[in-house]
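In this text the structure is predicted, and so the values were computed from the model without any measurement. Atoms considered below: every heavy atom in the structure, side chains included; atoms not considered: hydrogens, waters and symmetry mates.
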Amino acid sequence: MVSLTAPYVSGFLAFREVPFLLELVQQLREKEPGLMPQVLLVDGNGVLHHRGFGVACHLGVLTDLPCVGVAKKLLQVDGLENNALHKEKIRLLQTQGDSFPLLGDSGTVLGMPTGQPSPSLSQALRSHDRSTRPLYISVGHRMSLEAAVRLTRCCCRFRIPEPVRQADICSREHIRKSLGLPGPPTPRSPKAQRPVACPKGDSGESSGGAPSPQRQADRTTPGGRRSTAQHQVGQR
DNA sequence: GCGACAG
DNA sequence: ATCTTGTCGC
C-alpha cells in the first residue's frame, strides 16, 4: 500500500503512478530477479498520448522493459475523436474481425482498437450485443504495435487482459482487507452477485503459457472532500 | 451551459 | 476512477 501525492491530471498519469510502479520493478530485480517479466501490460496509453509519451512509454524507458499501453477509453489526441464515425468503426469490429490502425492527423499510427479478443472464446457474442467496447492498444516501449496487439489479445479471457484484470482484482482485495471488510465473505444468494464485465459464452480453454506477468495496480479513494489530494493506493 | 476527461 | 442502469447467463 502506498500513498499517492500527485493528483490525477489527464495527460500526466505517469507522474502520478510511475514512481510506485518503478519501485516495484526495482524491488523485483533485487529480490526476485527470476520473476522479472519479459513485458509489462500497463493500464494506460503508450504513444497514444498528447505528447506521444504516455505512462507505458514512461515506465518502459525507466525500467528498460518492453511495455504495452492498454487503455479502456480513447484518448482524443492528434485529431483522433471518439465521434460517430469512430464508434461505427468500433461497432464493425465485431463482424469485421480484428482491429484497425488509429491514424492521427500527424500521419502517425498511434494505436489499435481491439474488439472482442478471440472469437473462439466467445461465440455467444452474437446474441445481440452492442456493448462491445474496445481496448486501445498502443506501443509503450521496445515492441511493435502488431506484437502488442497480438500479445494483449492472447491475454484476454474477458474484455480486460488477464494480467491487468488480476492486478485490479488483487489490489482492490488488498485494500478491502486493509480497511475493514464490507466485502463478500459469503456469496449466499444466487442473485446478489457482483456482475462481472464480459459477455456470456466462454469456452473454458486457457492458453497454456500466459507469457507475461505484469505490473500495474492502483485504486483511489476520494479521501474526504479536502482539496488536498491524499489518496490511498494498493500495489501488488 | 456543453464537451472533455488514460487512471 | 466512480456511479447508474440495463441485459444476460447460471
Q.
Check the phosphate of B:dA6 against A:Arg51, side-chain N and O only, distance under 4.0 Å to OP1 or OP2. Yes or no?
A. no

Q: Could you tell me whether the side-chain ring of A:Tyr8 sits stacked on the base of B:dG7, using a centroid cut-off under 5.5 Å and a plane angle under 30°?
A: yes

Q: Determine: side-chain N/O of A:Lys72 to OP1/OP2 of B:dA6, distance under 4.0 Å, yes or no.
A: no

Q.
Using the C1' atom as the point on both nucleotides, what is the distance between B:dC5 and C:dT2, in whole Å?
A. 13 Å

Q.
Which heavy atom of A:Thr63 sits nearest to which heavy atom of A:Arg29, and what is that distance?
A. O-NH2, 2.6 Å

Q | Gap between atoms CZ and C1', on A:Arg133 and C:dA1 respectively (whole Å) | A | 13 Å

Q.
Measuring from the side chain of A:Asp168 (C-beta onward, heavy atoms only), which nucleotide among C:dA1, B:dA4, B:dG7 has the closest atom?
A. C:dA1

Q: Calculate the interatomic distance between A:Leu59 atom CG and B:dA6 atom P; express it in whole Å.
A: 19 Å

Q: Answer yes if the ring centres of A:His86 and A:Tyr136 are under 6.0 angstrom apart, and no otherwise.
A: yes

Q. Reckon A:Phe15 touches a base, only the sugar-phosphate, or nothing at all at heavy-atom distances under 4.0 Å?
A. nothing

Q) Just by modelled atom types, is the A:Arg133 backbone N or O under 3.5 Å from a matching donor or acceptor in the A:Arg159 side chain? A) yes

Q. Mind checking what makes salt bridge (Lys or Arg N to Asp or Glu O under 4.0 Å) contact with A:Glu88, not counting sequence neighbours?
A. A:Arg91

Q: Please state how far atom CG in A:Leu41 lies from atom C1' in B:dA6, giving the value in whole angstrom units.
A: 15 Å

Q) Given the P atoms of B:dC2 and C:dC3, what is the spacing between them in whole Å? A) 24 Å

Q. Think A:Arg172 has a side-chain N or O under 4.0 angstrom from the OP1 or OP2 of C:dA1?
A. yes

Q: Please step through side chain to side chain donor-acceptor pair (under 3.5 Å) for the pair A:Glu30 and A:Gln26, ending with a clear verdict.
A: CA-CA 6 Å; A:Glu30 172 181 328; A:Gln26 286 171 339; over 6 Å; no

Q. Atom CG of A:Leu135 to atom C1' of B:dG7: distance rounded to whole Å?
A. 14 Å

**Q.** Identified stems (criterion: three or more consecutive Watson-Crick or G-U pairs, under 3.5 Å), DNA chain C
**A.** none

Q) So do A:Leu48 and A:Leu74 actually touch side chain to side chain, heavy atoms under 4.5 Å? A) yes

Q.
Expressed as a whole number of angstroms, how long is the span from A:Lys73:NZ to B:dG3:P?
A. 16 Å

Q. How close or far is atom C1' of B:dC5 from atom CZ of A:Phe12, stated in whole angstroms?
A. 13 Å

Q) Can you say whether the rings of A:Phe53 and A:His58 are parallel (under 30°), tilted (30 to 60°) or perpendicular (over 60°)? A) tilted

Q: Mind calculating the distance between CZ (A:Phe158) and C1' (C:dC8) to the nearest angstrom?
A: 14 Å

Q: Name the nucleic acid region contacted by A:Gly69, choosing base, sugar-phosphate or nothing; use a 4.0 angstrom heavy-atom cut-off, strictly under.
A: nothing

Q) Under the side-chain contact (heavy atoms from CB on, under 4.5 Å) criterion, do A:Thr108 and A:Leu103 qualify, and how do the steps go? A) CA-CA 6 Å; A:Thr108 313; A:Leu103 183 60; 5.7 Å; no

Q. Using atom P of each nucleotide, how far apart are C:dT4 and B:dG1 to the nearest Å?
A. 23 Å

Q: Would you indicate which nucleotide in B:dC5, B:dG7, B:dA6 comes nearest to any side-chain atom of A:His49?
A: B:dA6

**Q.** Distance, rounded to the nearest Å, where A:Leu13 contributes CG and C:dA1 contributes P
**A.** 11 Å

